[in-house]
Amino acid sequence: MRPLAIRRREARLLPPLAVLVRSMAYVDVKMRWKKDASFDAVPVLSQARDLRPLVSLAGLLSPSPTPVSAVSKLRIPLEVPDRRVISFLRRFPAAFVESVGPEHNHPWFRLSGSAAGLLQEEREVFAARRADITSRLGRLLLMAPRRRLPLRAAQGMLWHLGLPEDYFRCRDYDIAQDGFRILTIGDSVCREEEDDGRELVLIDNGEHQEMPKSVLQMDAIRRFGSMETVPIPLFQSKGLRLKQKIEAWLKGFQKLPYVSPYEDFSGIDRGSDVSEKRVVGVLHELLSLFVTCSAERRRLLCLRQHLGLPQKFHRVFERHPHVFYLLLKEKTCFVVLKEAYLARGGTAIEEHPMLVVRRKYAGLMEESREIIRCRRSGKPFPSKHKDHEQIEDSEGANSAPILS
């Protein structure tokens with residue numbers, strides 16, 4: 001009977017070798033989140049939640065007084081964090097000047113001279129650097145496996161890419177000259193999800209374009225002269241120590257083959273470390289295209305299906321805190337690309353042309369907070385612009401209430 005038992009044991013099916021290798025090589029990386037005060041000190045990051053609705057409202061209001069009723073119902077479309085639009089406008093007196101309307105004492109608002117000047121500067125920067133800014137949208141389309149995005153998803157990325165929010169709606173922009181066109185239901189577009197039927201595509205569908213090199217590939221060429229090894233720049237948080245097995249895994253992760261976000265990835269095993277490195281590379285490339293190299297995490301989640309990312313790709317932010325930083329602000333989570341802020345010039349990431357204007361908007365928000373502090377303390381505000389003197393004069397004349 002013994003030989004029979006041995007034969008049965010030998011006849012048992014063994015698991016595939018790939019399964020054994022994967023289970024032995026996998027390291028369950030759990031890194032503790034570490035707060036970094038240096039990112040909180042960057043105005044375009046710390047004030048990102050208020051910056052977008054402020055610029056949107058600046059585009060809707062004119063230098064001449066406008067009744068608040070004209071924008072009071074746009075709180076949800078503009079994503080104003082306050083419960084009322086008027087409360088948000090009153091928080092930034094350096095950008096919006098309040099006055100009393102001609103009838104029923106209703107509040108009216110107009111743009112300050114500084115805000116109107118920044119709005120004009122933003123338009124001039126886009127006109128002068130249009131090719132550079134629109135090419136970032138083209139790269140985003142090339143990152144999508146189908147070389148197209150639903151128009152709603154593309155619309156949500158315009159702010160981060162530095163494009164005007166009416167870029168698709170205003171005919172004056174003529175998106176065809178930038179190489180884009182919008183497909184509608186009549187164009188026989190095959191849609192996988194329920195949408196309004198419109199998609200943004202490249203006119204040549206990317207077929208006659210040479211695929212661009214990613215930022216990581218250009219950085220590898222700059223550092224090593226070739227793309228044989230494409231490591232991901234790491235920036236360790238202060239006071240964060242890694243376990244020995246995690247450090248060993250991280251060194252091996254850097255040596256893995258790199259798959260560009262613009263290449264075909266259909267042959268990659270979704271459960272492998274190579275696939276994880278591709279996900280990190282896609283997110284790295286995506287954030288490097290944005291104005292501030294950061295975005296709300298929920299915005300990135302909306303692109304998951306269109307960029308071919310796995311369902312739980314957000315875990316990459318937790319597994320790679322040396323690459324991404326999670327900035328928690330007022331119940332909102334922003335993902336920040338560390339390389340853009342800590343590389344100190346040693347990076348292939350190009351500064352976005354619109355970043356200078358965004359910084360000036362953030363400075364205007366800081367001035368608004370200082371104005372409100374001076375009002376509460378009864379001290380005069382050391383005005384740098386004539387607008388501030390006009391603000392104080394107009395408030396003394398109409399005595400409009402200011403919400404904290």
Side-chain angles (χ1 to χ4, degrees), residues 39-101 104-116 118-119 122 155-156 158-160 164-166 291-292 294-299 302 327-335 357-377 381 387-388 391-392 394-395 398-404:
F39 291 100
D40 294 326
V42 180
V44 291
L45 295 179
S46 61
Q47 302 175 13
R49 192 183 182 193
D50 293 333
L51 190 57
R52 181 174 184 175
L54 183 139
V55 178
S56 299
L57 285 169
L60 294 174
L61 296 175
S62 63
S64 59
T66 305
V68 70
S69 58
V71 294
S72 60
K73 296 182 180 180
L74 300 177
R75 185 182 70 85
I76 296 178
L78 298 180
E79 299 183 3
V80 176
D82 296 34
R83 296 184 62 182
R84 297 192 302 167
V85 175
I86 188 173
S87 303
F88 181 84
L89 294 171
R90 286 170 172 168
R91 282 205 290 129
F92 302 104
F96 309 108
V97 182
E98 183 177 359
S99 60
V100 176
H104 309 295
N105 292 332
H106 288 173
W108 289 46
F109 288 87
R110 66 172 176 85
L111 288 183
S112 66
S114 301
L118 286 180
L119 195 63
E122 184 178 5
Q155 176 69 35
L158 292 182
W159 164 259
H160 299 290
E165 295 198 53
D166 58 346
V291 178
T292 59
S294 65
E296 288 182 86
R297 185 169 57 179
R298 63 186 180 92
R299 299 276 180 188
C302 296
L327 181 63
L328 307 178
K329 278 289 182 181
E330 299 178 359
K331 300 181 181 180
T332 305
C333 182
F334 287 84
V335 181
V357 182
R358 296 277 173 91
R359 286 172 177 164
K360 293 181 179 180
Y361 274 117
L364 207 60
M365 297 166 72
E366 287 289 341
E367 291 180 12
S368 298
R369 292 185 175 87
E370 187 63 27
I371 290 173
I372 294 177
R373 290 193 201 100
C374 292
R375 288 177 186 164
R376 291 173 177 172
S377 61
F381 177 74
D387 297 319
H388 297 156
I391 291 170
E392 299 296 335
S394 63
E395 286 174 353
N398 57 45
S399 64
I402 303 298
L403 299 181
S404 58

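Keep in mind it's a predicted model, so treat the numbers as computed, not measured.
- Nearest approach of Arg75 to Arg84, heavy atoms of both residues: CD-N, 4.1 Å.
- Here Leu118 contributes atom CG and Leu111 contributes atom CG; the two are 10.0 Å apart, rounded to the nearest 0.5 Å.
- A side-chain donor-acceptor contact under 3.5 Å links Ser112 to the backbone of Ala94.
- For Gln155 (side chain) and Glu165 (main-chain N/O), a donor-acceptor pair under 3.5 Å exists by modelled atom type.
- No side-chain heavy atom of Phe109 sits under 4.5 Å from any side-chain heavy atom of Val71.
- Between Val85 and Leu78, every side-chain heavy-atom pair lies at or beyond the 4.5 Å cut-off.
- Note that CZ of Arg49 is 9.5 Å distant from CD of Glu79, once rounded to the nearest 0.5 Å.
- Counting all heavy atoms, side chain and backbone alike, Ile371 lies closest to Pro93 at CG2-CG, 3.9 Å.
- In terms of heavy atoms, Ala95 sits closest to Ala115 at O-CB, 3.6 Å.
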Steps toward side-chain contact (heavy atoms from CB on, under 4.5 Å) verdict (Ser294, Leu327): CA-CA 10 Å; Ser294 65; Leu327 181 63; over 6 Å; no

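- Taking OG of Ser72 as the reference point, atom CZ of Phe88 lies at 15.0 Å (rounded to 0.5 Å).
- Taking each heavy atom of Pro164 and Leu158 in turn, the nearest pair found is O-CD1, 3.6 Å.
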Worked verdict on Glu98 versus Leu89 for side-chain contact (heavy atoms from CB on, under 4.5 Å): CA-CA 8 Å; Glu98 183 177 359; Leu89 294 171; over 6 Å; no

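- For the atom pair CZ of Arg369 and CG of Leu364, the computed distance is 11.0 Å after rounding to the nearest 0.5 Å.
- The heavy-atom pair separating Val55 from Glu122 by the smallest distance is CG1-OE1, 3.8 Å.
- Atom-to-atom distance recorded for Gln47:CD and Lys329:NZ is 9.0 Å, nearest 0.5 angstrom.
- Contact between Arg91 and Ser368 at its shortest, heavy atoms only, is O-CB, 3.7 Å.
- Inter-residue side-chain proximity for Ile86 and Pro107 is flagged as met; some heavy-atom pair is nearer than 4.5 Å.
- Within the 4.5 Å cutoff, the side chain of Phe92 has heavy atoms near those of the Asp50 side chain.
- How far CZ of Phe96 is from CZ of Arg90: 13.5 Å, rounded to the nearest 0.5 Å.
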